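Shown next, in structure tokens, is the structure this report addresses.
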2 protein chains.
Amino acid sequence: MNIGEIARRAGVSRSTVSYALSGKRPVSEDTRRKIQRIVDELGYQPSASARALANGRTSTIGLVFPPAGNHYTGMQLDFIGSVVEAAAAHDYDVLLSPSGVDSDRSFQRLLGERRVDGAILMEIRLEDDRADHLAALGFPSVAIGRTAHPEDGWYVALDHTALAAACVHHLADLGHRRIAFVNRPEQLLRTGYESAHRGLDGFTKAAAERGLTVRTYCCGDDAAAGQACLEQILHDDPATTALVTLNEAALGGLYRGLAHAGRHVPRDFSVTGVVANRWAETVTPQLTAADVPAAEMGRLAVDLLVERLDHSDAPPRQHLLTPPISLRASTGPAGVPQT
Amino acid sequence: MNIGEIARRAGVSRSTVSYALSGKRPVSEDTRRKIQRIVDELGYQPSASARALANGRTSTIGLVFPPAGNHYTGMQLDFIGSVVEAAAAHDYDVLLSPSGVDSDRSFQRLLGERRVDGAILMEIRLEDDRADHLAALGFPSVAIGRTAHPEDGWYVALDHTALAAACVHHLADLGHRRIAFVNRPEQLLRTGYESAHRGLDGFTKAAAERGLTVRTYCCGDDAAAGQACLEQILHDDPATTALVTLNEAALGGLYRGLAHAGRHVPRDFSVTGVVANRWAETVTPQLTAADVPAAEMGRLAVDLLVERLDHSDAPPRQHLLTPPISLRASTGPAGVPQT
DNA sequence: TTGAAAGCGTTACCAG
DNA sequence: CTGGTAACGCTTTCAA
């Protein structure tokens, strides 16, 4: 079933069918209707490959995210979902590419074989070879996250520095003096993972500003690691009364560790951090946290990318978000520190 | 940068370049090397669209899953991740399609515009118009889940009937006599969602077999709904001592409801169900559950689909999995029922 | 308002 | 072992 067949049945030329369908040039109402009838009857739809070949656009965007070695988190899930839906709203399809770096086969296919019109990059690193590569090629892309030199790029990101700082100030205001920071896994930190670095930074600076005693930890992306990490924290400094975490996947384990240590949240110990809200609401007591608006970010990223695709000369645009801390039930005034 | 340019520089014909690259016909070692050198130098990669048009294969598979109206669950995340990686291992890309039904624009694009070679269907319903549609078209697809008439289809699925029954027997063996079933949202049940129906079925039959007193509930896919559901359960029958759930997203809320009601798990109340293991391990106490091997299922689905794509005449194959219950910490012997 | 024809970049068949 | 050439199915320019 191809355009020639439709043309033949309608007794017109293929170009007329093409124009009737795309509306890119006027077609008499009569022939348009005749063509439409036949198209509907036969359920004809133009081949995506042929169309892509002819006009150079695939109507597909690539979503690049690292492979699951480092487990997927709930945030990522929300991103993916919202990107796919936002893209569908613009009549774009989404091609998933599990690429950690430049040299990935999958990444090369995406670009080299011109499978997509543009790309959205997740899990940005401060020095990100994928972002650099795309920028060098002038390939339309939007990052979810900020590299070290984000000025001339398109992105939507969270201000992790400010967010972590806000958590610190919240705890300091409640009277906490000895607090811990639970980061993502060390391996992510080593590879320059943006949120881990900026979050750590914001935490450290704000804590210094408030004159707090702090320790910082890396923690695997799962409950078991969270539990172990919490034990380590209390072992290193039993007088710790609060923690800030960026590690959503470890959250359940942190809570469990606290329970096992006999620390009641929030009476004896306060917990806060940066977490997507549906996960913050899953734990008991519900987590007071800066809610990551993952769904909104995905949508914004798509909107930005579509804009960039439509106006290839548009100047870079960014969204830097700083969601407020949602007060729930996991933080409270510091008690008398145990010594 | 196209194949003609490579051919020109190498002083050979385009077909020779094509064959040198694909290996589909012998090429003298000399010219092969010369071509390869130029290809490497220029970083040439054939255009996916042109190739797809010429040979009718897109090297892309579609992953069809419903839109997020009914929030995404952790299981779905694991599926998506494993499908993408397994596909990459076979050099396939994955196109995401958020389609609930047949008539979705996105679904139509996938098929009608021939964007993919085959499809994997998630979130199967007992009567599934997408599955029917694909079967009628003879379009290669693999379902994750079983329709009401799965005999001649390709699928990988969990035996939810057996799984729910196993949970019931486990609880009955521990002496529980009054148990509740917490299902997915009513809307999913109404639309014929497979796991919800088969799970309910297995639960009901096994409970009857063991002579248990049961109540069954539908529950929204989030923590708040879980908490409300638990309150309802204890309100309807305060003597309930255990529950079985298929609802991963509500789990945190169920636990919270139990805590608020002063029921200690597992001393006063046992909880079990069917849940992906990383989520079972997130809650405290860790959930004794039939672990959904989501990652393995995704991989199996891709393997099946690739096999079907390679041998279009292959007879249907299925994987029906019945993972055992992992004993963790959320179930225990029934105490004296409260009246 | 319409048609003819030239691409788009591959692959694969037919000759040599 | 290699080259020429006809598809693949669409879009778009050029002419009428």
Side-chain angles (χ1 to χ4, degrees), chain A residues 1-36 38-39 42-60 91 93 108-117 309, chain B residues 1-36 38-39 42-60 91 93 108-117 309:
Chain A
M1 182 57 42
N2 59 29
I3 200 174
E5 179 67 12
I6 305 291
R8 210 177 50 67
R9 301 209 188 195
V12 299
S13 73
R14 297 180 315 177
S15 48
T16 300
V17 175
S18 176
Y19 286 121
L21 259 28
S22 72
K24 292 194 180 176
R25 112 180 161 183
V27 170
S28 82
E29 189 51 24
D30 264 13
T31 55
R32 205 197 59 68
R33 258 208 296 276
K34 182 164 51 183
I35 290 172
Q36 189 61 54
I38 299 184
V39 163
L42 274 61
Y44 164 76
Q45 287 185 263
S47 142
S49 314
R51 170 180 300 200
L53 181 56
N55 71 8
R57 316 195 65 227
T58 60
S59 298
T60 304
D91 279 328
D93 281 319
Q108 295 301 341
R109 270 210 305 267
L110 219 62
L111 296 190
E113 302 185 358
R114 280 137 296 171
R115 279 176 188 270
V116 301
D117 296 335
L309 289 174
Chain B
M1 183 57 43
N2 58 29
I3 201 174
E5 178 68 12
I6 305 291
R8 210 178 49 68
R9 301 210 188 194
V12 299
S13 73
R14 296 179 314 176
S15 49
T16 299
V17 175
S18 177
Y19 286 120
L21 258 29
S22 72
K24 291 193 182 175
R25 106 178 166 187
V27 170
S28 83
E29 190 51 24
D30 264 13
T31 55
R32 206 197 57 71
R33 257 207 297 277
K34 182 164 52 184
I35 290 172
Q36 190 59 55
I38 300 185
V39 163
L42 273 61
Y44 164 78
Q45 289 184 261
S47 142
S49 314
R51 169 180 298 199
L53 181 56
N55 72 7
R57 315 196 67 228
T58 61
S59 298
T60 303
D91 279 328
D93 281 319
Q108 296 301 341
R109 270 209 306 267
L110 218 63
L111 297 190
E113 302 185 358
R114 282 136 294 172
R115 280 176 185 269
V116 300
D117 296 336
L309 289 174

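Predicted, not measured: the structure shown is a model, and the values here were computed from it. Residue numbers begin at 1 in each chain, while the letters A, B, ... track the order of the sequences. Below, all heavy atoms of this structure are taken into account, side chains as well, without hydrogens, waters or symmetry copies.
For the residue pair A/T60 and B/R115, a side-chain donor N or O sits within less than 3.5 Å of a side-chain acceptor on the partner.
Under the 3.5 Å distance criterion, the side-chain polar atoms of B/R32 are left unmatched by any main-chain donor or acceptor of B/G23.
With sequence neighbours excluded, the residues satisfying side-chain contact (heavy atoms from CB on, under 4.5 Å) with A/E5 are A/M1, A/N2, A/R8, A/R9.
The distance from atom CZ of B/R32 to atom C1' of D/dT2 is 16 Å, rounded to the nearest whole Å. The CG atom of B/L53 sits 8 Å away from the C1' atom of C/dT10 (whole-angstrom rounding). If you measure from atom CG of B/L42 to atom P of C/dG9, you get 15 Å, rounded to the nearest angstrom. Taking atom NZ on A/K34 and atom C1' on C/dT2, their separation rounds to 12 Å, with Å as the unit. With rounding to whole Å, A/E5 atom CD is found 16 Å from D/dC8 atom C1'.
Using a 4.0 Å heavy-atom criterion, one finds that B/S49 contacts no nucleic acid atom at all.
Side-chain atoms of A/I3 and A/S18, non-hydrogen and from C-beta on, do get closer than 4.5 Å to each other. No side-chain heavy atom of A/R51 sits under 4.5 Å from any side-chain heavy atom of A/T58. Residues A/Q36 and A/R33 have side chains not in contact (no heavy-atom distance under 4.5 Å, counting atoms from C-beta outward).
For A/S28, a side-chain nitrogen or oxygen approaches OP1 or OP2 of C/dT2 to under 4.0 Å.
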* What string of B, S and - do you get for nucleotides 10-16 of chain D, 5' to 3', if B is base contact, S is sugar-phosphate-only contact and - is no contact with any protein heavy atom under 4.0 Å? -> BBBBB--

